[in-house]
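When reading the values below, keep in mind they use all heavy atoms of this one structure, side chains included, and skip hydrogens, waters and symmetry mates.
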Amino acid sequence: MDTTNFQITEIEEAVLGALMIEKKAFPQVAQTLRPEMFYREKEQTLYAVLENMHRNNEPINILTVKEALQK
């Protein structure tokens with residue numbers, strides 16, 4: 001059984017979770033990460049939402065991200 005894809009998505013989910021919890025994290029990765037760098041579409045979409053929120057100076061946390069995803 002190949003667990004590589006599972007490990008990749010698990011790491012990506014941890015990164016995205018950290019970006020929603022730690023306020024200073026997004027500016028540190030914004031110059032490096034791009035949505036297309038994520039393996040699955042759902043992680044790409046979530047990162048794109050975070051990127052857009054950061055660009056618009058909106059607060060990034062679990063609640064605001066949930067609201068943005070629902071729009």
Side-chain angles (χ1 to χ4, degrees):
M1 179 176 163
D2 182 18
T3 60
T4 306
N5 293 345
F6 174 74
Q7 292 170 341
I8 290 170
T9 56
E10 200 173 62
I11 292 167
E12 290 178 351
E13 289 171 357
V15 169
L16 292 167
L19 293 174
M20 289 185 279
I21 293 170
E22 179 55 51
K23 295 178 193 300
K24 296 178 184 178
F26 198 90
Q28 294 177 2
V29 300
Q31 300 299 322
T32 306
L33 286 179
R34 299 284 172 255
E36 60 273 8
M37 293 176 163
F38 288 86
Y39 183 73
R40 294 188 306 190
E41 186 177 346
K42 78 177 199 173
E43 283 81 10
Q44 292 173 359
T45 300
L46 178 53
Y47 185 80
V49 166
L50 294 173
E51 192 174 48
N52 188 51
M53 292 175 74
H54 174 71
R55 195 174 315 119
N56 292 322
N57 293 318
E58 297 175 26
I60 296 175
N61 60 58
I62 293 172
L63 294 176
T64 59
V65 172
K66 180 181 176 185
E67 289 174 7
L69 287 168
Q70 289 173 336
K71 289 182 183 176

Check [X] against [Y] and note the closest heavy-atom contact, atom names and distance.
X: P59; Y: T64; value: O-OG1, 2.8 Å
X: E43; Y: L16; value: CG-CD1, 3.6 Å
X: V65; Y: L50; value: CG2-CD2, 3.4 Å

For F26, ring pair (Phe, Tyr, Trp, His ring centres under 6.0 Å) partners two or more places apart
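Partners of F26 under the ring pair (Phe, Tyr, Trp, His ring centres under 6.0 Å) test: Y47, H54.
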Co-membership, hydrophobic cluster, residues [X] and [Y], 4.5 Å side-chain:
X: I21; Y: V49; result: no
X: L46; Y: I8; result: no
X: L69; Y: M20; result: yes

Measure the CD-CD distance between E67 and E58 for me, rounded to the nearest 0.5 Å.
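The distance works out to 10.0 Å.
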Apply salt bridge (charged side-chain N to carboxylate O under 4.0 Å, His left out) to the pair R55 and E51, showing each step before the final yes or no.
CA-CA 6 Å; R55 195 174 315 119; E51 192 174 48; 3.8 Å; yes
Would you say CD of E36 has more than 12 non-hydrogen atoms from neighbouring residues, nucleotides or ligands within 6.0 angstrom?
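Above 12, so yes.
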Heavy-atom distance under 4.5 Å between the side chains of L33 and F38, does that happen here?
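Sidechains of F38 and L33: in contact.
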Is there a side chain to side chain contact (heavy atoms under 4.5 Å, CB included) between V29 and V15 once you walk through the steps?
CA-CA 10 Å; V29 300; V15 169; 5.8 Å; no
Would the distance check show the side chain of N61 and the main-chain N or O of L63 forming a donor-acceptor pair, the cut-off being under 3.5 Å?
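Checked: pair present.
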R34: side chain to side chain donor-acceptor pair (under 3.5 Å) partners, not counting sequence neighbours
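Result, side chain to side chain donor-acceptor pair (under 3.5 Å) vs R34: none returned.
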Go through it in stages, so that I can follow the logic: the residues are E13 and R40, the test is salt bridge (charged side-chain N to carboxylate O under 4.0 Å, His left out), and I'd like the CA-CA distance, side-chain angles, deciding distance and then a yes or no.
CA-CA 10 Å; E13 289 171 357; R40 294 188 306 190; 3.0 Å; yes
